Amino acid sequence: MRFHSAACAAVLSAAASASAFSFSPLAVPSTTARNNGPVSFAAPSRPAFGLPSNTLTISSTSHAQPSSTSLNLAAGGGPEALEDYIATLSNSESKLTSKIQNPKLVKLAGAAALPLSYVVGAAMTPSRRLAARAVGGVITAVTAGGVGKSFVEEDVRRSCPAAIAKRLFELGVDDANISDGIARLQEDYGVDDEDFLGMCTEVYAVYLAGMAKNPLAKTAELKELASLKAALNLDNQQTGQAHADAAAAFYRDVTRFTSIDELDDEDHPDRVSLDKLLFLSERAFRQGGETDEAFTFEFSRVAKALGGLSVIEALERAKDVAKPFYERALASTRAKLNSGAVSADMLSRARGTLGIEDVEAKDMHIEAFSREVRSQLGLPEDDDDDDMDDYNEFQDKRVETVAEVKKKLEAMKAEEETKEIEDTSDIKFASGAFDTLTKLQDVLGLSDEDADYEISAATVDYWRNTALSAIEDAIAKTKTPAKAWEVIQSRQKELYLKDSSMKEMMTSMVMQALGRPLEKVNGFARVNNAAATYDGLIDAIAAKETCKDVLKEAGWSEFEDFEEACFDPSDNASACGFLTNQDRHNMYQIFFVRSVKTDEDGTKTISEESYGLMKELRGMLGVSEEEGVGQIRNFFGPELQIVLTDATEEILRGNTTDALLTNLKENVDKVINDYKLDEEMVRSYAGPLYNRAVEEIGSSTPGGIPSKEEVETLSFLRTLLNISDEETY
């Protein structure tokens, strides 16, 4: 017979209340239900008569607090996604499945088409003879309007994904018994292995997509995802499929409301969520122990699903998510450095968790060390480059004429010349900074070279101000070279600069100190202001000597050849490197001409002091000794040529006496000595004169054989010109 519909409804309502029939707790320990407002999920229970109630019972009154061991508290969108998933599947459940929460009981209701009223009655009256009573009821159920077996089993099977999700939601992914509890659902719902793994893969994908929906990434989510994989008993292949499915579904949902152009914006929330999904996928595959080939395959599927990204681009975006976590770890390391609670091993483990490669880590370590250096100096950690900001502000502005360009350059030079050196003497390292930086260097695994470079980069400008000021004071004679070096060295110690860094920077300082006066003098030389050019070069030579004296106090062998170290014309950064070849020779020519003096007799001479200054100037301007000699030849060559020619013609007239020869030779030697002419130059003029004399005598002698008097004349001429007999053969 049939049960009246009203009575059936009443019985089903009563059957839904497990407490009315003294159900015993489920063998798998449960956590307290997660509080989600008026609707929460209570723990599953097992009835006393042996049929497990594996679906989670909905209670509208429970407000219990969540378990403190559950990762649900930090799950982001994972549990919320499960909750939505459960609600969606619950709407598609049959009335039978939704009313009877025990899958075995529901299947028993469909076995041999049992009457629904009998099944409910059996559930309400536990008995060891339940199976026998069920068989006996088959006869009366044939025409009693029972439920079909195949329909009921399929309905129960379709309820399994929701049951998996409910159990995850109830216990949390990190519960000790969650894996066994989910595995038991396969038997309870009568699902084969392949279908059950497919259901678990689907639940994983739902959970992952929910995590990605929250743009805020957390390192706890990496552990949460690993626990989810273990809870669902998924292998790497099934996990890869879940990630690919989640990526495809998530991207499809995102692009419904967000344009591709908006997703190109790195700060857009949906773009951040996509990058987070890439990060979670990359970490899940790497931590799952995938081979390189398998990783590339699985990750490429995720990348392709998220807008057709290449693996390289997807990896870069995943790294961009990981880096901020490691930056925070480095900031924490700096903050706790002196507590002894941080170590290089801790950072190594953090890199392993986040997937930070050694090359990237080194750059981040150097950046962290640089920030600590600036902090210890009392400076802002972020080094704002004002010059670059100015460049970026005005880079699109163009001047219209060459004249306008020159005008702006002149204004900039004038501003630079009048600019006073900033006093930064108060910027120095705090007490104990050296020990702190040494500890940090060890923890970060930086070499001495890297650490020294970062210290130098942060302090060089402040040292440069002090050094340049001290050098200029020495040039101005307000400080002795020894005192100037004392100030420079003291500043070096305050800023932890090593000699290796100091030497290169000191060269730069000298070049800067000497380059300014040379630039000014070059301006005078270009307008042929000989007096100002000469005086300016005298001052520049004096300044160079002062700088040499300052560096002598350092005792550095690198500056023993000062001119070679600081005045290399082929090096644009040297003190004279900015000058063109024409400018350098023009300045030297002006100085040379101004160095020639005319005495009372009208004789042009160059003093010993002037010769010494010209030698110093040649070193400063990169003028070679050969070029210097050429300058002298060009200027004094005619004087020498005249005196040698006159003496030669006098001897060729004949009747030369020793007294005449001596007088002529004194005139020649006086020119040579007065103008400091070298022997090579004299010989270059004397040789052609002697050859011409020989030709003249030979052409006027019959048979080409000179007479005795002519031979004597050539002998006098060789004596005058300092030509040996052997050189004539």
Side-chain angles (χ1 to χ4, degrees), residues 373-374 377-379 383 385-387 390 412-429 452-453 455-523 536-556 558-559 562-568 571-579 619-620:
V373 169
R374 294 184 62 82
L377 286 168
L379 301 172
D383 184 11
D385 192 341
D386 295 335
D387 293 338
D390 293 341
M412 292 172 61
K413 289 182 179 179
E415 181 182 358
E416 186 67 23
E417 290 176 358
T418 57
K419 184 178 179 181
E420 295 184 0
I421 300 176
E422 182 182 1
D423 182 10
T424 57
S425 58
D426 59 326
I427 297 178
K428 59 186 69 176
F429 282 105
D452 292 344
Y453 179 86
I455 292 175
S456 174
T459 59
V460 63
D461 288 340
Y462 309 111
W463 174 85
R464 182 182 287 113
N465 289 341
T466 300
L468 189 57
S469 178
I471 291 174
E472 291 184 349
D473 287 346
I475 292 174
K477 308 302 181 183
T478 58
K479 280 187 176 72
T480 64
K483 181 60 178 179
W485 175 249
E486 181 183 339
V487 172
I488 293 172
Q489 192 174 44
S490 176
R491 190 64 169 141
Q492 172 193 2
K493 294 178 180 178
E494 289 180 347
L495 298 176
Y496 300 163
L497 291 171
K498 294 186 176 179
D499 282 351
S500 56
S501 300
M502 283 276 293
K503 291 175 182 178
E504 182 176 352
M505 290 188 291
M506 198 66 194
T507 303
S508 175
M509 290 297 94
V510 171
M511 291 178 180
Q512 184 175 352
L514 297 178
R516 288 179 179 177
L518 285 178
E519 184 177 10
K520 186 176 181 180
V521 170
N522 188 43
L537 289 174
I538 291 292
D539 292 339
I541 293 171
K544 185 204 72 167
E545 291 301 312
T546 299
C547 291
K548 287 178 67 174
D549 292 339
V550 171
L551 290 177
K552 284 180 181 178
E553 297 293 331
W556 294 334
E558 288 81 357
F559 294 97
F562 185 83
E563 285 75 12
E564 182 179 353
C566 301
F567 295 95
D568 182 359
D571 183 2
N572 291 333
S574 73
C576 67
F578 68 95
L579 296 171
M620 292 176 62

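Only a predicted model underlies this, so the values are computations on that prediction, with no experimental measurement involved. By convention here, the first residue in the shown sequence is residue 1.
Side-chain contact between M509 and I488: absent, with no pair of heavy atoms (C-beta onward) separated by less than 4.5 Å. You'll find the side chain of Q489 stays beyond 4.5 Å of the side chain of E553, heavy atoms only. Contact check for S456 versus M505: side-chain heavy atoms found under the 4.5 Å cut-off. Between M506 and V550, the closest side-chain pair of non-hydrogen atoms falls below 4.5 Å. Here the side chains of L377 and V373 are in contact, with some heavy-atom distance below 4.5 Å.
Summarising the geometry, atom CG belonging to L497 is positioned 12.5 Å from atom OH belonging to Y462; distances are rounded to the nearest 0.5 Å. Atom-to-atom distance recorded for L468:CG and S508:OG is 9.0 Å, nearest 0.5 angstrom. Atoms CD and CE, on Q492 and M502 in that order, are 4.0 Å from each other to the nearest 0.5 Å. Of the inter-residue distances, the one linking L537 atom CG with K520 atom NZ reads 12.5 Å to the nearest 0.5 angstrom. Distance check, rounded to the nearest 0.5 Å: CZ of F578 to CE of M511 gives 12.0 Å.
Taking all atoms of both residues into account, the shortest heavy-atom contact from L518 to A575 is CD1-O, 3.8 Å. The two atoms that bring C547 and L514 nearest to each other are SG-CD2, 4.1 Å, heavy atoms only. The nearest pair of heavy atoms linking I427 to L495 is O-CD2, 3.7 Å. Of all heavy-atom pairs spanning A474 and A484, the tightest one is CB-CB, 4.0 Å. Nearest approach of T424 to R491, heavy atoms of both residues: O-NH2, 2.7 Å. Residues E564 and D568 come closest through the heavy atom pair O-CB, 4.4 Å.
Heavy-atom neighbours of Y453 OH from other residues, nucleotides or ligands within 6.0 Å: at or below the threshold of 12. The environment of E545 atom CD is dense: over 12 non-hydrogen atoms of other residues, nucleotides or ligands sit within 6.0 angstrom.
Taking 4.0 Å as the cut-off between side-chain N and carboxylate O, E563 and K548 count as a salt-bridged pair.
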*Would you sort out whether E519 and R516 count as a salt bridge (charged side-chain N to carboxylate O under 4.0 Å, His left out), showing the intermediate values?*
CA-CA 5 Å; E519 184 177 10; R516 288 179 179 177; over 6 Å; no
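T459 contributes a side-chain N or O that, together with a main-chain N or O of I455, makes up a donor-acceptor pair within less than 3.5 Å. Using a distance-only test at 3.5 Å, with no hydrogens or angles considered, no donor-acceptor pair links the side chain of T546 to the main chain of I475.
In this pair, W485 and W556 present their aromatic rings perpendicular. The plane angle is above 60°, beyond the 30 to 60° band.
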